[in-house]
Amino acid sequence: MQDTGREDHHSDTELSGSERVAYSGPLSGPLNKRPGKKSARFNVPETTTSKDEQYVEITLDVRNDFVAVHSVKPSHGVKEDPEMTLLAKGPDKRSASNVVRTASARIRQVSHEIKRLASFSKRPPPGRLDRSKSAAAHALKGLKFISKTDGGAGWAAVEKRFDEITASTEGLLPRARFCECIGMKESKEFAGELFSSLARKRNIQCDSINKAELREFWEQISNQSFDSRLQTFFDMVDKDADGRITEQEVREIITLSASANKLSNIQKQAEEYAALIMEELDPENHGYIMIENLEMLLLQGPSQSAGGESRNLSRMLSQKLKPTLDSNPLNRWGRSTRYFLLDNWQRVWVMALWIAVMASLFAYKYVQYRRRAAYVVMGHCVCMAKGAAETLKLNMALILLPVCRNTLTWLRNKTRLGVAVPFDDNLNFHKVIAVGVAVGVGIHGISHLACDFPRLLRASEEKWELMQQFFGDQPSSYWHFVKSKEGVTGILMVLLMAIAFTLATPWFRRNKLNLPTWLKKLTGFNAFWYSHHLFVIVYTLLIVHGYYLYLTHEWYKKTTWMYLTVPVMLYGSERCIRALRSSIKAVSIKKVAIYPGNVLAIHMSKPQGFRYKSGQYMFVNCAAVSPFEWHPFSITSAPGDDYLSVHIRTLGDWTLQLRTVFSEACQPPPNGKSGLLRADCFQGHSPDFPRVLIDGPYGAPAQDYKKYEVLLLVGLGIGATPMISIVKDIASNIRAMEEEEKALENGTDGAGNSPLTKIPSPNAHKRKESFKTRRAYFYWVTREQGSFDWFKGVMNEVAELDHNHVIELHNYCTSVYEEGDARSALIAMLQSINHAKNGVDIVSGTRVKSHFAKPDWRNVYKRTALNHPHSRVGVFYCGAPALTKELRQLALDFSHKTSTKFDFHKENF
């Protein structure tokens with residue numbers, strides 16, 4: 001019996017108190033459905049032409065007050081399935097108390113169901129997508145329930161976890177711990193739904209399974225066949241197992257997927273997005289979608305393949321990037337040394353000069369005291385102490401220079417010293433000098449305390465006569481030396497330095513140690529900040545210590561003040577300028593917003609004469625939090641904006657207090673015109689913002705971006721702040737250049753006047769010389785969906801202004817599972833539909849389509865090298881230190897083995 005004869009059976013049969021209606025069709029889809037759903041009890045697939053399909057005949061038994069399946073018989077000589085015949089079992093009689101009242105309603109219901117089935121069978125099947133196409137071939141690799149990180153060790157690892165979990169449950173794995181067993185520990189709800197769908201398919205009613213059943217589950221979810229994975233995913237969505245997905249079921253799976261990927265905004269809009277999917281896949285409003293629709297949506301997408309030439313270049317590049325094996329150790333060493341010098345020649349010559357000067361000073365003092373009478377009494381110890389003291393004087397002078405920020409900014413902006421001097425490493429050099437100071441203090445102090453003083457006490461009368469002019473009568477106690485002016489000042493300096501050095505280490509500065517609560521208050525940035533200001537006392541003690549020198553009386557030989565005068569005066573003048581400039585350059589707060597992720601955005605007026613470059617930073621002070629603390633933050637506004645803006649993330653005690661202070665200012669006034677998380681001066685009232693002082697701008701590595709034709713900008717979380725300013729500046733420069741070119745073509749200047757000759761304006765010529773960027777790639781990686789709200793306006797503005805596609809924006813949300821994972825499959829489908837229809841990404845809320853999980857940085861560099869051969873690429877990174885090593889090493893590898901050279905720059909504050 002064919003599908004087209006189904007309505008004839010119904011029409012040719014007289015409906016009476018008991019009636020049987022037959023139907024035959026392919027054996028596919030479940031034949032029953034949970035009660036309470038207004039749909040057929042079995043699924044009828046689309047019309048097929050295959051002669052090999054197996055058909056059965058199903059007879060419905062319609063009685064006065066109930067409907068039951070009477071029989072299920074094969075229609076083409078196929079042996080009857082005993083499981084199918086169980087559907088025919090049912091009560092033969094029921095109470096007939098309501099026969100008259102319900103008979104007609106039941107008959108009408110059956111008639112309606114059979115007619116609906118007939119219309120359903122006539123629904124044209126969706127076109128099958130060619131799986132050999134590039135986009136489909138790429139998609140076939142996706143929709144994985146088990147990835148290499150989740151349960152990828154195979155059945156052995158799953159079995160081991162099963163044995164550990166079920167040791168106390170009599171060999172039964174509960175549904176609640178299924179996620180842990182298969183390696184989806186972080187996706188408990190998703191794994192729970194997967195368990196339910198697999199159990200439903202096998203008619204398992206209880207909420208626990210044994211090892212054999214787990215093995216069946218595992219074999220299905222680890223099956224690499226795309227059809228198997230598609231069916232498993234479809235069964236997850238199709239909770240009532242009727243072979244169709246309704247809008248309610250789509251809404252539930254969207255909520256589940258959004259929860260698994262920590263996408264709270266999508267959870268809130270699940271109903272809207274479910275309607276969007278139904279509109280796309282069910283244009284005829286049948287009220288459901290089929291597995292074929294889901295398959296088509298999964299397999300369709302933008303082509304992931306490159307052209308033949310690009311593929312060949314990529315293959316050649318991969319061959320070049322393979323490690324070069326050389327059996328000769330000398331060749332390996334020579335190649336490594338050459339690469340090291342090429343990559344670090346600026347650092348090398350600075351460090352070599354510093355070490356050479358220290359060695360020279362040490363040797364000079366050592367030889368000098370080797371020839372003096374003190375050597376006869378104290379031996380090499382006094383030579384070591386005096387040599388170390390001389391290097392200490394130098395280092396105590398040099399350590400101030402890397403933190404003279406105004407001077408460094410002037411040198412960076414106004415001179416060409418940046419070609420040879422690594423200004424980007426100023427803080428690293430500051431730390432290296434601090435290590436030199438620590439070593440010098442150790443050698444100097446130990447030589448005196450452990451060697452010189454004991455020898456002086458034990459010196460014979462003959463030898464003491466040589467020292468009497470310096471020390472007077474020979475002391476009998478060790479404490480005579482310790483309690484002297486030289487001893488007291490020296491010991492105090494060592495103690496203060498030890499405190500400052502210890503609290504400046506990352507473990508204490510960033511609160512990385514598990515310390516008791518009372519001790520934790522003595523760590524953190526505040527402790528670092530205040531302890532570092534002990535240097536005022538240290539330098540005072542150093543001058544006193546240098547004046548009351550052992551073994552020297554002539555003032556011109558007491559050289560400590562000579563070393564310190566210029567650096568101390570330079571640093572002191574910088575601090576005075578900073579204090580005056582910050583008080584004169586008063587700023588008024590224009591707008592404040594507190595975004596998800598505890599980020600405070602402050603928009604303030606730009607002081608007159610405040611000129612800065614994108615990528616630079618400034619110091620911010622808020623007296624309401626602390627009148628003495630100044631903290632550096634990247635400027636997120638572009639130089640062309642009429643305001644200054646910073647985005648501050650709550651990471652420490654100072655930023656937490658700052659956020660609290662501004663949150664109070666953002667609270668709505670009595671008339672309720674202002675919101676809690678946002679306030680500005682244009683809302684009809686003037687909020688009572690706390691007073692904010694700024695100091696800057698100061699030079700940073702990112703400010704040199706204009707000298708590169710190709711840029712690779714990488715920001716992690718709040719580290720996107722300097723990159724945002726750069727992206728905005730690039731967009732502004734592009735727009736200005738386009739307007740100037742258009743005006744030149746029209747024979748007018750920028751103001752619309754008509755000059756006699758088409759000569760570029762001086763500003764246009766200057767901009768063309770300073771602005772070399774022709775292509776920029778911006779990668780922003782963040783963990784939270786709400787983080788994209790920080791710069792949503794900037795992203796949309798750049799996407800709108802960049803007509804020539806100079807800037808390529810890439811947003812990555814690492815809370816979403818990688819593309820191809822079943823947990824993010826529906827999010828990816830929804831993203832494609834919404835972006836194609838509305839031009840808005842559902843993850844970021846911008847026009848920029850987001851990527852899932854972390855970027856493959858090697859592929860990022862590889863793609864850049866392929867697109868820009870024989871070019872120099874500026875790589876600018878701001879974010880967590882953990883990624884610095886990988887990005888720097890990749891820059892070196894690709895620079896050494898390809899024609900593209902990558903210059904890596906890391907932001908330092």
Side-chain angles (χ1 to χ4, degrees), residues 346-347 350 400-430 566-567 569-571 573-582 584-585 587 606-620 630 632-646 694-709 711 713 721-730 732-733 736 762-773 776 872 874-878 903-909:
Q346 291 175 313
R347 299 183 182 94
V350 170
L400 294 174
L401 298 181
V403 290
C404 292
R405 300 176 189 270
N406 287 306
T407 303
L408 292 181
T409 302
W410 185 84
L411 291 173
R412 184 194 289 268
N413 294 339
K414 302 298 183 181
T415 69
R416 300 183 62 85
L417 286 176
V419 176
V421 180
F423 290 119
D424 294 353
D425 292 320
N426 62 316
L427 291 185
N428 292 330
F429 190 51
H430 178 76
V566 173
M569 289 182 64
L570 179 63
Y571 185 80
S573 62
E574 284 226 353
R575 294 300 295 260
C576 292
I577 292 171
R578 179 172 172 175
L580 291 172
R581 184 171 58 184
S582 62
I584 293 173
K585 290 185 178 180
V587 294
K606 184 192 292 187
Q608 186 176 4
F610 190 94
R611 296 183 181 87
Y612 66 97
K613 298 179 180 180
S614 289
Q616 291 186 332
Y617 65 95
M618 64 184 182
F619 281 85
V620 176
W630 292 79
F633 298 101
S634 296
I635 303 173
T636 53
S637 53
D641 294 334
D642 60 352
Y643 62 89
L644 290 174
S645 67
V646 290
I694 63 170
D695 175 47
Y698 291 106
Q703 75 174 58
D704 296 328
Y705 78 93
K706 285 187 178 181
K707 67 182 184 181
Y708 295 98
E709 291 190 358
L711 297 177
L713 310 174
T721 48
M723 312 308 167
I724 288 294
S725 179
I726 292 173
V727 167
K728 288 178 68 176
D729 192 38
I730 293 173
S732 299
N733 276 280
N763 288 338
H765 184 70
K766 186 178 180 181
R767 180 182 289 108
K768 212 160 192 176
E769 282 187 348
S770 62
F771 184 75
K772 298 181 179 180
T773 305
R872 184 168 290 276
V875 183
F876 296 91
Y877 170 67
C878 183
D903 294 340
F904 180 81
H905 305 270
K906 166 72 168 67
E907 287 294 308
N908 297 302
F909 292 115

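The basis for the numbers below is simple: all heavy atoms, side chains too, and nothing from hydrogens, waters or symmetry mates. Index from 1, following the sequence.
Between D424 and R412, the closest side-chain pair of non-hydrogen atoms falls below 4.5 Å. Inter-residue side-chain proximity for I730 and L711 is flagged as met; some heavy-atom pair is nearer than 4.5 Å. Counting only heavy atoms from C-beta outward, the side chains of T407 and L401 never approach each other to under 4.5 Å. The shortest distance between side-chain heavy atoms of P607 and L644 falls below 4.5 Å. Between Q703 and N413, some side-chain heavy-atom pair lies under the 4.5 Å cut-off.
Summarising the geometry, atom CG belonging to L408 is positioned 8.5 Å from atom CZ belonging to R405; distances are rounded to the nearest 0.5 Å. Atom CG of L417 and atom CH2 of W410 lie 8.5 Å apart (nearest 0.5 Å). Here the CH2-CZ distance, from W630 to R578, works out to 6.5 Å after rounding to the nearest 0.5 Å. Between M618 atom CE and I635 atom CD1 the span is 5.0 Å, to the nearest 0.5 Å. For the atom pair OH of Y698 and CG of N426, the computed distance is 12.5 Å after rounding to the nearest 0.5 Å.
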Quiz prompt | V421 and L411: CA distance, side-chain angles, deciding distance, side-chain contact (heavy atoms from CB on, under 4.5 Å) verdict | solution = CA-CA 10 Å; V421 180; L411 291 173; over 6 Å; no
Quiz item: Given the rule in the side-chain contact (heavy atoms from CB on, under 4.5 Å) test, do Y617 and T721 qualify, once you have shown the distances and angles that lead to the verdict?
Solution: CA-CA 10 Å; Y617 65 95; T721 48; over 6 Å; no
Exercise. Verify side-chain contact (heavy atoms from CB on, under 4.5 Å) between K613 and K706, making sure each step is shown before the conclusion.
Key: CA-CA 10 Å; K613 298 179 180 180; K706 285 187 178 181; over 6 Å; no
Exercise. Give the C-alpha distance, both sets of side-chain angles, the deciding distance and a yes or no for side-chain contact (heavy atoms from CB on, under 4.5 Å) between H905 and D704.
Key: CA-CA 10 Å; H905 305 270; D704 296 328; 5.6 Å; no
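The main-chain N or O of D729 is found under 3.5 Å from a side-chain atom of N733 such that the two form a donor-acceptor pair. Remark: the backbone N or O of L570 is paired with a side-chain donor or acceptor of S573 at under 3.5 angstrom. Proximity of a side-chain donor or acceptor of Y612 to a complementary backbone N or O of A638 within less than 3.5 Å is detected. The backbone N or O of A700 lies less than 3.5 Å from no partner atom in the side chain of E907, so there is not a single donor-acceptor pair. The main-chain N or O of S637 is found under 3.5 Å from a side-chain atom of S645 such that the two form a donor-acceptor pair.
Between D425 and R347, the shortest heavy-atom distance links the atoms OD2-NE, 2.7 Å. Summarising the geometry of Y708 relative to F876, their closest heavy-atom pair is CE1-CZ, 3.8 Å, with the distance given to 0.1 Å. The two residues F429 and P402 make their nearest non-hydrogen contact at CD2-CG, 4.0 Å. Taking all atoms of both residues into account, the shortest heavy-atom contact from E574 to N406 is OE1-N, 3.2 Å. Of all heavy-atom pairs spanning S725 and G615, the tightest one is OG-N, 4.1 Å. Taking both residues in full, the closest heavy atoms of R611 and P697 are given as O-CG, 3.2 Å, listed atom of the first, atom of the second, then distance.
Note on D641 versus K606: no salt bridge recorded, every NZ/NE/NH1/NH2 to OD/OE distance being 4.0 Å or above. Ion pairing between R575 and D695 fails under the 4.0 Å rule for side-chain N and carboxylate O.
Around atom CD of Q346, more than 12 heavy atoms belonging to other residues, nucleotides or ligands sit under 6.0 Å away.
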